[in-house]
Amino acid sequence: MADADTCRLCTQIIGTHFGPLTAKVASALLTRGRLSLPQLVRFTGMKPRTVRASILMLVQHNILWHAHTDDEGEMLEFNTLECLLRLRFGRYAWLAESLFGQSGAEIVQIVLDHGKLRPPDILSRLSRYNPKSASMYSQSLYKLVSESYLKPSTILSHNSPRDKRIKYEAEEKARISGFPTARELREAMVTAGARLRREEAAAEKVGLKRKPKEQPSGRTSKKNKVTEEVVDDEVYFRVNFDKFNIHIRNRLIESAVEERFNHSAAVVMRATLKATESKQMSVSEIRSDPTSIAAIGMHIADDENLTEGLVTGTKKPSDSSLTKEYLGLLACADNPTPVGKAASYVSLSGNKINVEFDTISKRLGRRVLEAVTRERHGDDGVRIVRLLLDVGKMDEKHIAKVAMMANKDVRPLLSALSSEYLISTQEVPRSTDRNPTRTFYLWHVDLTNAYSALLVSFYKTLFNIGARRQAEREEPNVKAVLTKRERTDVAQDANLLTRMEREVLAEWERKREMLNVLEMRVEEAVFILRDLELGGSLADHYGFRTPKCPSHTALSACCVSSEQYLRTIPFGLSCPVMTTQGYAIHVDVEGTPLPPHPGPGWTRFVCISDTHSHQYRVPSGDVLLHAGDLSSWGHSSQLTTTIEWLKSLDHPVKIIVAGNHDLCLDQEWASSKTWADMIEQTRAYVHSQVSFGLYYLEHEPLYFTAPTGRVWKVYGSPAAPFYVQGAFQYESEAEAQAIYDRIPNDTEILITHTPPYRILDKTRRGKYAGCETLLSRLKDLSDCRLHVFGHIHEAAGSRVDEVGNPGLFRVSVNAAMERTRSATVVDLRN
């Protein structure tokens, strides 16, 4: 069984690749663990024939394991890791094309599409329309098999290795005499794992066979019989993900070297990796096979100028001497201390060079951890994490002293880091009764636990990206254009699309590309943490360990800059949606807990709008902001119901504005004495709620102190462009100019009922209903960090824009709840 976030992501992947029925079967296995066929039929509520077909599909694609027990019979188990690797299929196909050309990419793609295939099936499908290309595909297939990019699909690969591993561990433990020590138990687990891997390696030694080679004369001699190695037609082949992962790892190493040194050093690093690439079989290898400077030089192109990035004493140094100098830099030869060894990329032993994969992987994982820590807790958090990684276990006072921080600042920061499993504690009792008053605590970084917590964070982010992509595709205008583009006549002549349709299509392609880039970068961080750092314990072929971690974490800053690649976020996604150093945005989804309050240096704003007399679930926070349309039809009783509901919420500060539905607050609607009295009474009632922490703003600013002690300046306006008869509406640009010129330039929080033009204001009909005058005024509000509005229900979501100086951002939130029923939570750094 996997955790909730991994289950959602895997179910989404299966639904995308195989459809909703198969996704239902996968969801049952993910949430309930091993199940038999009758149990799957009962839990899914589907027909046995449909469940059986879904099982066959998943088995064909290596996503289901068989497990046979004496008590339960044949059971089915979900292979989580195999499912998650499907996110890399596009990269695998691209790597195959770069390594083996178009024919190799087509072979890998067709094997990925079918899970496993025999060579005759592969060749018949690819050469169906061009029989002359069969020999070309045969050669590419032989290269893929001989170089282990395709591997045999054996019986062992379909059986769950967990039971056999447990059996082998029990056998190894039985050989231990007396009470086993922790070291002996670890050795038993390692021996059992090695035994299991030897069996799998032995089973995969098939796929190639030798057969007599046809002689030109047509006659063969028994004495001079010539054989050749060919692919076995009876063996089913599948893609060897480990072999492709090696190239992903090597590219990451090359990028890391270029980032730390320069391009020439990266060229030497690439050549070093190329020299041993054929012997690299798995990303779990500690180091590469030894190679020589001469072998490295053979993989450096003649047009590479290695002198550009190195200062030498001679005018024309040889390429061999330059390569040696760069290898010395990569090996940190000038720093033979443990610190230098930990910072090295290669090791030198005489004339032999080894690439230290294990050392590099640890450094890449640490960089991801530090980047996430900096994103959430700033430089002080990174200082503490680095200190604990370098020194080890320390108590709170020692940390404060060495980090040169005040005790009052260290304690809440340690608690925040610990709540997110970035650091851990160890209890050290001073007495045998383990009394808490006589116990002190040592803080340390448990990398396995921290990386597992970050992985769940990234899985949640990947799920959000997939949900966002689907939401964008299902948007009515986009869906109609995509359906039209699939027509035969439109595919042949793109001019059949109207100008507006081409614009919609271009916008969809732009968003899809940004989401793909974001997904690729998050997947890169997952690769570092799961395949490189946790490769031995987490992704050791046989499964996936469910990490103990919180259900909330944020997108790592090392993966992608949220404001650059994901500008607008729709409602309905699990929290958090995106974070940066100065702000964090979360969507409150029922059943998914929000992250805890970031701490005393932050203010949490809960944004809602367009509640229309309805009462929704609203999460806790420091400040509640309501952007108008408190009532359904403007009756005083409806407004009173909403105000009483808002008063019952636990937010210390509540700030509201009216909207075009709130007629009972607009004095211009006092057409009769009855209406005038009702409006006057309603306005007096709303203004009298200050004692409950509720402030009503109508074209006016307000200074308020948040519970964190920060004084914020907010401005609220209920105005909106004329649409139909309603309250607080204006019809001319002059009226709009007069209204929005009243907004002070130093406003930090802005609440308006209307959105600005082309910012979360697109209606169902594809029109932009925001106010252009408000958009123009916002350009002058460089201090405004949060703008909350509503009015256009279907455009609900959030967006981040850069304002003023580089690095300053404004969060825009369309908080309309009429359709989403979800509040948006924005954390701003004080």
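With Ser288 contributing its side chain and Thr276 its backbone, the two residues share no donor-acceptor pair below 3.5 Å. Gln12 places a side-chain N or O within donor-acceptor distance of the main-chain N or O of Phe463, the cut-off being under 3.5 Å. Ser27 places no side-chain N or O within 3.5 Å of a backbone atom of Lys24 that could act as its donor or acceptor partner. Side chain of Lys164 to main chain of Leu196: no donor-acceptor pair is present (N/O by atom type, distance under 3.5 Å, no hydrogens or angles). Judged purely by atom type and a 3.5 angstrom limit, Glu258 has no side-chain atom pairing as donor or acceptor with the backbone of Glu254.
When every heavy atom of Leu117 is checked against every heavy atom of Ile110, the shortest pair comes out as CD1-O, 4.0 Å. Nearest heavy-atom pair, Ala343 versus Arg260, reported as atom, atom and distance to 0.1 Å: O-NH1, 2.7 Å.
For the atom pair CG of Leu462 and CG of Leu84, the computed distance is 8.5 Å after rounding to the nearest 0.5 Å. Taken to the nearest 0.5 Å, the CD atom of Gln470 stands 12.0 Å off from the CG atom of Leu515.
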Please step through side-chain contact (heavy atoms from CB on, under 4.5 Å) for the pair Asn354 and Val346, ending with a clear verdict.
CA-CA 5 Å; Asn354 298 82; Val346 301; over 6 Å; no

Evaluate the side chain to side chain donor-acceptor pair (under 3.5 Å) criterion for residues Glu74 and His66: first the C-alpha distance (whole Å), next the side-chain angles of each, then the deciding distance (0.1 Å), finally the verdict.
CA-CA 7 Å; Glu74 185 179 14; His66 294 282; 2.9 Å; yes

Taking it one step at a time, do Arg530 and Tyr459 satisfy side chain to side chain donor-acceptor pair (under 3.5 Å)?
CA-CA 11 Å; Arg530 187 185 69 202; Tyr459 290 152; 3.0 Å; yes

One pair to check against side chain to side chain donor-acceptor pair (under 3.5 Å): Gln280 and Asp289. What are the steps and the verdict?
CA-CA 8 Å; Gln280 299 171 22; Asp289 287 348; over 6 Å; no

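Within 6.0 Å of CE in Met57 there are 12 or fewer heavy atoms belonging to other residues, nucleotides or ligands. For Asn305, the CG atom sits in a packed shell: over 12 heavy atoms of surrounding residues, nucleotides or ligands are nearer than 6.0 Å. Within 6.0 Å of atom CG in Asp303, more than 12 heavy atoms from other residues, nucleotides or ligands are found, so the atom counts as buried in its surroundings. Counting non-hydrogen atoms of neighbouring residues, nucleotides and ligands closer than 6.0 angstrom, the CE atom of Met136 exceeds 12 such neighbours.
The existence of a salt bridge linking Glu519 and Arg512 is excluded, since no basic side-chain nitrogen approaches an acidic carboxylate oxygen closer than 4.0 Å. A salt bridge links Glu277 with Lys274: the closest approach of a Lys/Arg side-chain nitrogen to an acidic carboxylate oxygen falls below 4.0 angstrom. Salt bridge Arg88/Glu524: absent, no basic N to carboxylate O contact under 4.0 Å. Ion pairing between Glu147 and Lys243 fails under the 4.0 Å rule for side-chain N and carboxylate O. Using a cutoff of 4.0 Å between basic side-chain nitrogens and carboxylate oxygens, Arg86 and Glu523 are not scored as salt-bridged.
For the residue pair Asn250 / Arg270, no side-chain donor-acceptor distance below 3.5 Å is found, with atom types taken as modelled. Side-chain N/O atoms of Ser160 and Glu77 include a donor and acceptor closer than 3.5 Å. No side-chain N or O of Ser135 forms a donor-acceptor pair with one of Ser138 less than 3.5 Å apart. A side-chain N or O of Ser284 and one of Ser282 form a donor-acceptor pair less than 3.5 Å apart. Side-chain atoms of Tyr137 and Arg125 form no donor-acceptor pair, as typed in the model, at a separation below 3.5 Å.
His247 has its ring centre less than 6.0 Å from the ring centre of Tyr149.
For the pair Arg195 and Tyr168, the cation sits on the ring face: its NZ or CZ lies under 6.0 Å from the ring centre, inside 45° of the axis. Cation-pi geometry between Arg91 and Phe527 is not met: the NZ or CZ atom fails to fall both under 6.0 Å from the ring centre and inside 45° of the normal.
Between Phe241 and Tyr92, the angle of the ring planes stays under 30°, which puts this pair in the parallel group of the 30/60° scheme.
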